[in-house]
J.: 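Structure incoming, see below.
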Amino acid sequence: MQKLKELTDAKIAEGRKNNPEFMKGVDDIIFKAKAFQQGEKAIKIGEKAPNFDLPNPLGNPISLSSLLNKGPVVITFYRGSWCPYCNLQLRALQNKLKDIQKLGATLVAISPEVPDSSMTKNEISEMEFIVLSDQDAKVASQYGVAWEVPEFLLEHMRIDRNLDLKKINNGNSSVLPIPATFLLGIDGIVKWNYVNVDYRTRSEPDEIIEALKNISK
């Protein structure tokens with residue numbers, strides 16, 4: 001089975017071949033964002049993770065505290081179902097879900113998409129981990145991973161991809177989460193994290209599993 005990085009690298013290479021000007025623009029944005037250390041406000045290892053109460057795709061609220069009562073929690077923030085890199089990541093996590101669950105952990109994926117449009121009923125029934133809606137990226141802000149998306153990227157979404165983020169996210173059209181993953185112990189303390197302003201790169205599921213093994217020792 002291919003590593004997630006191999007899949008995302010292939011997607012990046014495809015983008016550079018098919019749309020080099022856009023990818024160069026993304027590179028410039030990411031370079032500037034890293035230069036300003038965006039993402040530095042993300043909650044750190046050893047810090048207490050903020051509690052949340054968010055709706056799943058059926059509109060039913062789920063709280064972090066209730067999940068922590070069952071064991072460790074892996075929280076991954078993603079931009080939305082329209083993002084190809086996010087879809088690669090979620091499929092990779094699904095492939096490793098049994099390994100995550102064997103270690104007693106619950107996997108939660110959070111995006112700003114509204115509950116009634118984030119997934120179809122068929123997709124909901126096939127999904128084996130929890131998907132929650134964080135409208136206006138409020139929880140992402142609490143976790144320090146909300147990002148004001150540059151106009152260059154917003155224009156690409158509107159014109160080239162015909163994406164209406166205002167509709168998809170029920171009003172929020174410019175703030176998206178930085179792809180980030182947090183592993184919380186049963187005490188709600190961050191034991192491991194991955195934060196990267198470059199939305200094209202993600203944490204490997206095997207890294208999450210290794211971190212889970214370490215906290216269960």
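No experiment lies behind these values; they were computed from the predicted model shown.
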J.: Holding to salt bridge (charged side-chain N to carboxylate O under 4.0 Å, His left out), I want the full list of residues that pass it with K5, two or more places apart in sequence or in another chain.
T.: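 Salt bridge (charged side-chain N to carboxylate O under 4.0 Å, His left out) check on K5 returns D9.
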J.: Keeping S133 on the side-chain end and E113 on the backbone end, is there a donor-acceptor pair under 3.5 Å?
T.: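 Checking the backbone N and O of E113 against the side chain of S133, a donor-acceptor pair under 3.5 Å is found.
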J.: Identify, with sequence neighbours excluded, every residue that meets side chain to side chain donor-acceptor pair (under 3.5 Å) alongside N193.
T.: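 N193 satisfies side chain to side chain donor-acceptor pair (under 3.5 Å) with no other residue.
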J.: Closest approach of A42 and V145, non-hydrogen atoms and distance?
T.: CB-CG1, 3.9 Å
J.: Spell out, yes or no, whether I215 and L97 are grouped together once hydrophobic residues are joined by side-chain heavy atoms under 4.5 Å, including indirect joins.
T.: yes
J.: Between P112 and L176, is any pair of side-chain heavy atoms under 4.5 Å apart?
T.: yes
J.: Can you confirm whether P177 sits close enough to V139 that some side-chain heavy atom of one is under 4.5 Å from a side-chain heavy atom of the other?
T.: no
J.: Where do T181 and Q89 land on the side chain to side chain contact (heavy atoms under 4.5 Å, CB included) test, with the steps shown first?
T.: CA-CA 11 Å; T181 301; Q89 179 193 24; 4.0 Å; yes
J.: Would you say the side chain of V190 lies within less than 4.5 Å of the side chain of L184, judging by non-hydrogen atoms?
T.: yes
J.: Could you check whether any side-chain N or O of E204 sits under 3.5 Å from a backbone N or O of L4, counting only pairs where one atom can act as donor and the other as acceptor?
T.: yes
J.: Among residues two or more places apart or on two chains, list those pairs meeting salt bridge (charged side-chain N to carboxylate O under 4.0 Å, His left out) that have a residue in residues 175-196.
T.: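 Found D187-K191.
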J.: Using the ring-ring contact (aromatic ring centres under 6.0 Å, His included) rule, collect all pairs that involve residues 179-211, keeping only residues at least two apart or in two chains.
T.: Y85-Y199, Y143-F182
J.: If you take all heavy atoms of N51 and S65, which pair is closest and at what distance?
T.: OD1-N, 3.0 Å
J.: Quick check: do V74 and L93 have side-chain heavy atoms less than 4.5 Å from each other?
T.: no
J.: Using atom types as modelled and distance alone, determine if a side-chain donor or acceptor of K96 lies under 3.5 Å from a backbone N or O of Q94.
T.: no
J.: Donor-acceptor pair, N196 side chain versus R202 backbone, under 3.5 Å?
T.: no
J.: Taking a hydrophobic cluster as the set of Ile, Leu, Val, Met, Phe, Trp and Tyr residues connected by side-chain heavy atoms closer than 4.5 Å, whether directly or through intermediates, do L7 and Y78 fall within one such cluster?
T.: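 L7 and Y78: separate clusters.
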J.: Look at K138 together with D134 and state whether they make a salt bridge at an N to O cut-off of under 4.0 Å.
T.: no
J.: For I209, does its backbone N or O pair with a side-chain atom of D99 as donor and acceptor, under 3.5 Å?
T.: no
J.: Could you tabulate the donor-acceptor pairs under 3.5 Å formed by side-chain atoms of residues 100-107, not counting sequence neighbours?
T.:
none

J.: Can you list every pair that meets side chain to side chain donor-acceptor pair (under 3.5 Å) and has a residue in residues 12-21, with sequence neighbours left out?
T.: R16-D27
J.: State yes or no: do V108 and L68 share one hydrophobic cluster built from I, L, V, M, F, W and Y residues joined by side-chain heavy-atom distances below 4.5 Å, directly or via other members?
T.: yes
J.: Using a 6.0 Å cut-off, check whether atom CD1 of I186 has over 12 heavy atoms from anything other than its own residue.
T.: no
J.: How long is the gap from CD1 on I110 to CG on N56, to the nearest 0.5 Å?
T.: 12.0 Å
J.: Is a side-chain N or O of D198 found less than 3.5 angstrom from the main chain of I30, in a donor-acceptor match?
T.: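 Flag not set: sc D198 to bb I30 has no pair under 3.5 Å.
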J.: For the OG atom of S63 and the CG atom of N69, what is their distance to the nearest 0.5 Å?
T.: 7.5 Å
J.: With clusters defined by side-chain heavy atoms of hydrophobic residues (ILVMFWY) lying less than 4.5 Å apart, directly or transitively, does V131 cluster with L88?
T.: no
J.: Would a single hydrophobic cluster contain both W82 and W147, if residues Ile, Leu, Val, Met, Phe, Trp and Tyr are joined by side-chain heavy-atom contacts under 4.5 Å?
T.: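 Cluster IDs for W147 and W82 match.
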